[in-house]
Amino acid sequence: MTSTFIPRSDFLRVLTERGYIHQCSDLAGLDEQARKGEVTAYIGFDCTATSLHVGSLLQIMMLRWLQKTGGKPVPLMGGGTTRVGDPSGKDESRKILSLEDIENNKTGIKAVFSKFLTFGDGAKDAIMPDNAEWLTKLNYIDFLRDVGRHFSVNRMMSMDSVKMRLERDQELSFLEFNYMCLQSYDFVELNRRYGCNLQMGGSDQWGNIVTGVDLGRRMGTPQLYALTSPLLTTASGAKMGKTAAGAIWLNADMLSPWDYWQFWRNTEDRDVGRFLRLFTEMPLDEIARLEALQGAEINEAKKILATEACAMLHGREQAERATETARQTFEEGVTSTDLPHIHIEASALASGLGVLAAFVEAGLVQSTGEARRQIKGGGLRVNDVIVADDRMSLTAADLNDSGSIKLSLGKKRHILLTPKA
RNA sequence: GGGGGAAUGUCCCGAGCGGCAAAGGGGGCGGACUGUAAAUCCGCUGGCUACGCCUUCGCAGGUUCGAGUCCUGCUUCCCCCA
């Protein structure tokens, strides 16, 4: 559907060219709104953790492009829905969080948004409302009378997400069935409060979003629009943002800029072009050139991807530092003093610090048992020398010129152990 | 209300006639090969003061030298009949 339509607005042109669009309820209509500079779009975010992770980055970027092309972005916090516990994940229902936790999480999440969006009171400034503001005030009877009457169960039953569950004989709880009503109502409420006329989200949200569009029509709002992005996986099919080491968090206190840079640097070849378009703001012709690089050359493109993505989140300076640290570590084989480090008591070295304990302390392994196994498999190194003996201990003699000991797990993960002065 | 199933290694799926730290996958981590990629091959994938000790199979008891396995009660989920 996107192939035949040529958008005239900057907003849709950018989103189309860069591959953000999966489905749209009315491209031409939305394009017209965008051309008039009258798009206010929202995307709902859970506040189940103190930070968002890369999985949400695509949505954040869409809001960012919207603002850059003259629209008003509205990241909506799901404080109200979090309070209920969203059951939409088929098997596990999310745990219900306390109010303090939710508030705390909102603070952490807002910090991330402020890196990508400009907040304020201006017409095109971003705002971050919380659906708890209206959802918690709902009265069941009033809601049924004013809103519930507009939902067509017939229509809801025909939605893919519902149909699938019924066909498979899987349980679909009433709460879950209602969840889309609440989400639809959010859209209407946001339209009334802020003139919001577009909801965006991942492709899995399509059903919920168009239900909101429909509700708006029945409740007399101006025309609303739906726009979804493709579900993002790596070329090998893995979900974005989850690794064994944990989620790729966006907050720096949960994942350092260095680790964030490394995440992007380790992108698969096949994903480089796509990721450059989605997660950087580089010109498309430049991306096309980088994407065309063959063999080992494509590593250059990965470095640029890492640096640009890192700069957007953590700032140019942090990104450059990570780039330089990586260059020293991987290309020159020098021990950069800027690698992540942890401090230990100087006295610990005096009496000799066991390697097992040291690696656990550094967080490279979870337990001494794992450290032992890694040693057996040749995976641990101290100052770039493979550890052969698990009874080895570290002393002041192991300190390098810059006064620290380099611990490595595999070829990629390094931590400097530095005694406290 | 009646009848029948299910719950396993704190990532997931999943075997398990009383001797079990518990088969097999997936995923992940490490090694080899490379380019900090992919594919492929190999190893590892409860904890510890470590040739030994401790803790794991929904929860709580019981039988037994010994229980994931047998018995009783409970919780949760699923299916069939009403």
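Letters go in sequence order (proteins before strands), and every chain restarts at 1. The basis for the numbers below is simple: all heavy atoms, side chains too, and nothing from hydrogens, waters or symmetry mates.
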Just verifying a value: how many Å separate A:K412 NZ and A:N266 CG, rounded to the nearest 0.5 Å?
3.5 Å
With A:R277 as reference, evaluate A:E291, A:E286, A:E17 under the salt bridge (Lys or Arg N to Asp or Glu O under 4.0 Å) test and give the passing residue.
A:E291
Which of B:rG30, B:rA38, B:rA50 is nearest the side chain of A:E268? It is B:rA38
Aromatic ring proximity A:F187/A:Y42, centre distance under 6.0 Å:
yes
What is the distance from CD of A:Q374 to P of B:rG31, rounded to the nearest Å?
8 Å
How many whole angstroms separate atom CD of A:Q328 from atom P of B:rU36?
16 Å
For A:T368, answer base if it contacts any base atom (sugar-phosphate contacts may also be present), sugar-phosphate if it contacts only those atoms, and nothing otherwise; contact means non-hydrogen atoms under 4.0 Å.
base
Taking B:rC77 as the reference, what is the distance to B:rU8 when you measure between their C1' atoms (whole Å, please)?
16 Å
For A:S367 and B:rC48, is the shortest distance between a side-chain N/O and OP1 or OP2 below 4.0 Å?
yes
With no hydrogens and no angle check, do the side chains of A:Q199 and A:Q205 hold a donor and an acceptor under 3.5 Å apart?
no
If the C1' atom of B:rA21 is compared with that of B:rG68, how far apart are they to the nearest Å?
12 Å
Count the heavy atoms of every other residue, nucleotide or ligand shown that sit under 6.0 Å from CD of A:E361, and state whether that count exceeds 12.
no
Of B:rU36, B:rG35, B:rA50, the nucleotide closest to the side chain of A:N266 is B:rU36
Please state the C1' separation for the pair B:rA22 and B:rG46 - nearest whole angstrom.
11 Å
A:E370 has an atom CD; how far is it from atom P of B:rU10, in whole Å?
13 Å
Check ion pair A:K302-A:E297 (N to O, under 4.0 angstrom)
no
Pairwise P distance, B:rU69 and B:rG58 [rounded to whole Å]:
8 Å
Test for a donor-acceptor pair under 3.5 Å between the base of B:rU34 and the side chain of A:K411, counting only N and O atoms.
yes
Atom-to-atom span, CG of A:D390 to C1' of B:rU49 - whole angstrom:
13 Å
Please tell me if A:K376 has a side-chain N or O lying less than 4.0 Å from either OP1 or OP2 of B:rU45.
no
Of A:L356 and A:A296, whose nearest nucleotide on RNA chain B comes first from the 5' end?
A:A296
I want to confirm an ordering. Mapping A:W258 and A:G379 to their closest nucleotides on RNA chain B, which one lands closer to the 5' end?
A:G379
B:rC11 versus B:rG28 - spacing of their P atoms, nearest Å:
14 Å
Taking the P atom in each of B:rU76 and B:rC41, what is the distance between them to the nearest angstrom?
47 Å
Mind calculating the distance between CD (A:Q366) and C1' (B:rG30) to the nearest angstrom?
15 Å
Rounding to the closest angstrom, what is the interatomic distance between B:rG25 and B:rA32 at atom C1'?
24 Å
Using Watson-Crick or G-U wobble geometry with both distances under 3.5 Å, which nucleotide pairs with B:rC41?
B:rG31
Whole-Å distance separating the CG atom of A:L305 from the P atom of B:rU36:
16 Å
Scan A:Q262 against the nucleic acid and name what it touches under 4.0 Å (heavy atoms): base, sugar-phosphate only, or nothing.
base
Does B:rC12 sit syn or anti, given that only angles within 90° of 0 count as syn?
anti
May I ask you to say whether A:K303 pairs ionically with A:E300, meaning some side-chain N is under 4.0 Å from a carboxylate O?
yes
Could you state the CD-P distance from A:E324 to B:rU36, rounded to the nearest angstrom?
17 Å
Under 3.5 Å on both distances, the Watson-Crick or G-U partner of B:rU76:
B:rA6
Atom CG of A:L182 and atom CH2 of A:W134: how far apart are they, to the nearest 0.5 Å?
11.5 Å
Base, sugar-phosphate, or nothing: which does A:K302 touch, judged by heavy atoms less than 4.0 Å apart?
base
For A:L380, answer base if it contacts any base atom (sugar-phosphate contacts may also be present), sugar-phosphate if it contacts only those atoms, and nothing otherwise; contact means non-hydrogen atoms under 4.0 Å.
nothing
So what does A:R373 hit on the nucleic acid, given a heavy-atom distance under 4.0 Å: a base, only sugar-phosphate, or nothing?
sugar-phosphate
Could you give the distance separating B:rG26 and B:rG14 at their C1' atoms, to the nearest angstrom?
10 Å
Rounded to whole Å, how long is the line connecting atom CD of A:Q294 with atom C1' of B:rA38?
14 Å
What about A:R372: does its side chain form a donor-acceptor pair under 3.5 Å with the base of B:rA50?
yes
Within 90° of 0 counts as syn, otherwise anti: where does B:rC20 fall?
syn
What nucleotide, of B:rA38, B:rA37, B:rG30, holds the atom closest to the side chain of A:D269?
B:rA37
